[in-house]
There are 2 protein chains.
Amino acid sequence: MQKDQIAEVLTRFPSLAELTSEEWQEEGISITTVPANFTIDEGEFLENAPLILDGLVRIFKLSSDGREVTLYRLTAGECCPLIASSILGETVYEASACVEKPSLVLNVPTKIYKKWIEKHQDFRQYIFQSFARRLIIMSNLIDDINFKSIRVRISEYLIEHTSAENDTLAITHDLLAIELGTAREVISRTLKKMEKEGLLRVARGQITDIKRSRLPTDE
Amino acid sequence: MQKDQIAEVLTRFPSLAELTSEEWQEEGISITTVPANFTIDEGEFLENAPLILDGLVRIFKLSSDGREVTLYRLTAGECCPLIASSILGETVYEASACVEKPSLVLNVPTKIYKKWIEKHQDFRQYIFQSFARRLIIMSNLIDDINFKSIRVRISEYLIEHTSAENDTLAITHDLLAIELGTAREVISRTLKKMEKEGLLRVARGQITDIKRSRLPTDE
DNA sequence: AATAACTTGGTGACAAAGTCACAGATTACC
DNA sequence: GGTAATCTGTGACTTTGTCACCAAGTTATT
């Protein structure tokens with residue numbers, strides 16, 4: 001690892017600032033670019049812990065009949081707690097990962113990763129906090145699936161992925177269905193109803209004119 | 001903390017064996033018995049991290065309209081990773097806990113708990129592994145909710161809570177519904193259908209004659 | 001430019017699950 | 001023994017999910 005590379009990593013992972021230059025020189029640490037659609041399948045054993053420097057990675061579960069639920073996504077400055085836990089708990093990785101946008105990844109061999117966590121408090125705390133966040137996000141997801149109507153779940157997704165300046169979202173019904181763990185037809189029908197009520201407009205591959213303030217956020 | 005108390009804790013939490021006798025004498029560490037139905041509500045701030053020595057505690061989420069999903073249960077030798085994460089990540093506790101069977105709990109003030117995790121590798125590893133287990137269990141739960149029929153989910157619950165020797169389970173439809181995050185009527189109807197097929201027999205407050213080997217475990 | 005292959009979205013019929021409003025049945029308890 | 005609380009059953013209805021298929025748009029191929 002070179003000086004400028006290390007500096008770049010530190011902008012994304014300030015919790016690694018404690019590391020000595022000797023530790024950065026250990027065998028096997030590297031930065032790689034991973035192309036879109038690169039996939040790690042459930043059950044694989046991992047030699048490296050990936051820390052995401054840039055890009056977008058989706059972590060999901062596959063069901064026996066080929067459908068998917070998105071568990072969460074990782075972006076710059078994040079690590080996958082399921083990977084961390086599989087490394088620290090020495091179990092196989094029980095989910096799949098798929099690179100959605102070409103990503104820049106810091107690969108840390110599992111042994112070195114463990115050493116870092118044991119030695120460096122800042123990094124350890126960072127890892128713990130990402131566990132915390134994920135557990136909470138996942139329990140909220142369970143909550144949503146159990147108790148919220150699709151209409152509300154679609155609305156919340158739209159609100160989260162648009163802004164006051166941008167009332168358009170480019171996504172197909174199919175993808176949105178996978179996002180929410182439901183079926184495309186359900187999305188199509190619900191969006192159509194919402195269009196009739198003037199909450200948004202549907203076009204091929206995108207949803208426009210999203211009236212964020214009028215979308216329902218509760219039952 | 002007295003010698004015999006410490007010894008008892010160690011049988012449940014061998015990962016605490018490294019602690020010195022000075023550490024055991026720190027202010028605030030105590031063992032308490034918690035009666036059934038004692039509850040910690042979502043959002044409360046915790047002063048102590050509880051480690052379960054004996055009993056049964058249910059961790060669940062409440063929805064806005066008063067329904068519940070069980071996230072998981074804790075028994076002897078376990079700790080609540082959501083509590084751990086809220087302490088380590090310094091956030092509020094985003095779930096509720098309810099004591100189901102009178103429980104014996106080791107209370108560790110959060111500051112001391114943090115110190116233990118930083119100082120003692122064995123305990124740290126134990127905590128990490130419990131994070132790992134929970135993340136995996138919760139992602140499997142999401143999987144189940146999304147992809148499995150109620151019939152299968154009921155079957156899996158029955159198989160898990162009976163044995164080759166014991167083909168009876170004492171539980172009401174209402175409780176089973178809360179367990180699985182669904183409605184009582186759905187449970188009643190499904191159980192009745194399964195009874196007609198000779199897979200089990202329903203009685204008030206219990207399910208008997210459970211034919212474990214014939215219950216469906218896939219779609 | 002013509003064709004084929006693929007993507008995206010629409011529809012109707014149906015099944016599975018959840019909701020609501022009750023009504024009996026059984027048990028607990030004073 | 002009577003009253004209240006708990007547990008279960010049922011029918012009507014809504015929402016969500018599934019299946020089969022079609023139509024329009026897009027991209028690739030020649």
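Note that this is a predicted model, so its numbers are computed, not measured. Numbers restart at 1 for each chain; the letters A, B, ... are given by sequence-line order, proteins then strands.
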Rounded to whole Å, the CZ-P distance (B:Phe147 to D:dT16) equals 17 Å

Taken to the nearest whole Å, CG/B:Leu200 to P/D:dT8 is 13 Å

Residues at least two apart in sequence or cross-chain that pass ring-ring contact (aromatic ring centres under 6.0 Å, His included) with B:Tyr157, listed by chain then number, are B:His161

B:Leu191 CG to D:dT10 P, in whole Å, measures 13 Å

So the salt bridge (charged side-chain N to carboxylate O under 4.0 Å, His left out) pairs with at least one residue in residues 152-169 of chain A (sequence neighbours excluded) are A:Lys148-A:Glu156

Once base and sugar-phosphate atoms are separated, protein heavy atoms under 4.0 Å mark nucleotides 7-14 of chain C, 5' to 3', with B, S and - as BBBBBBB-

Atom CD1 of A:Ile150 and atom C1' of C:dA16 are separated, to the nearest Å, by 14 Å

Handout entry: Backbone of A:Leu180 reached by a side-chain donor or acceptor of A:Thr182 within 3.5 Å
Key = no

Sorted by chain and residue number, the ring-ring contact (aromatic ring centres under 6.0 Å, His included) partners of B:Phe13 (sequence neighbours excluded) come out as B:Tyr126

Those residues at least two apart in sequence (or on a different chain) that pass salt bridge (charged side-chain N to carboxylate O under 4.0 Å, His left out) with B:Arg201 are B:Asp209

For B:Tyr113, the ring-ring contact (aromatic ring centres under 6.0 Å, His included) test, sequence neighbours excluded, returns B:Phe123

Whole-Å distance, B:Leu176 CG to D:dT8 C1', equals 13 Å

A:Glu197 meets the salt bridge (charged side-chain N to carboxylate O under 4.0 Å, His left out) criterion, sequence neighbours left out, with A:Arg151

Table of protein N/O atoms under 3.5 Å from nucleotides 2-4 of chain D N/O atoms:
none

Residues passing the salt bridge (charged side-chain N to carboxylate O under 4.0 Å, His left out) test with A:Glu47, sequence neighbours excluded, are none

Which of A:Thr75, A:Val105, A:Leu106 passes side chain to side chain contact (heavy atoms under 4.5 Å, CB included) with A:Ile52? Answer is A:Val105

B:Arg201 atom CZ is separated from D:dT8 atom P, nearest whole Å, by 16 Å

Notebook entry, point to check: OP1, OP2 of C:dG18 versus side-chain N and O of B:Thr182: anything below 4.0 Å?
Noted result: yes

Whole-Å distance, B:Ile187 CD1 to C:dA17 C1', equals 11 Å

The side-chain hydrogen bond (donor to acceptor under 3.5 Å, both in side chains) partners of A:Thr168 (sequence neighbours excluded) come to none

Applying salt bridge (charged side-chain N to carboxylate O under 4.0 Å, His left out) to A:Glu78 and not counting sequence neighbours gives A:Arg134

In short, the helix from C:dA1-D:dT30 to C:dC30-D:dG1 is bent end to end, axes from five pairs each side, to 10°, by 30°

Atom CD1 of A:Ile145 and atom C1' of D:dG17 are separated, to the nearest Å, by 14 Å

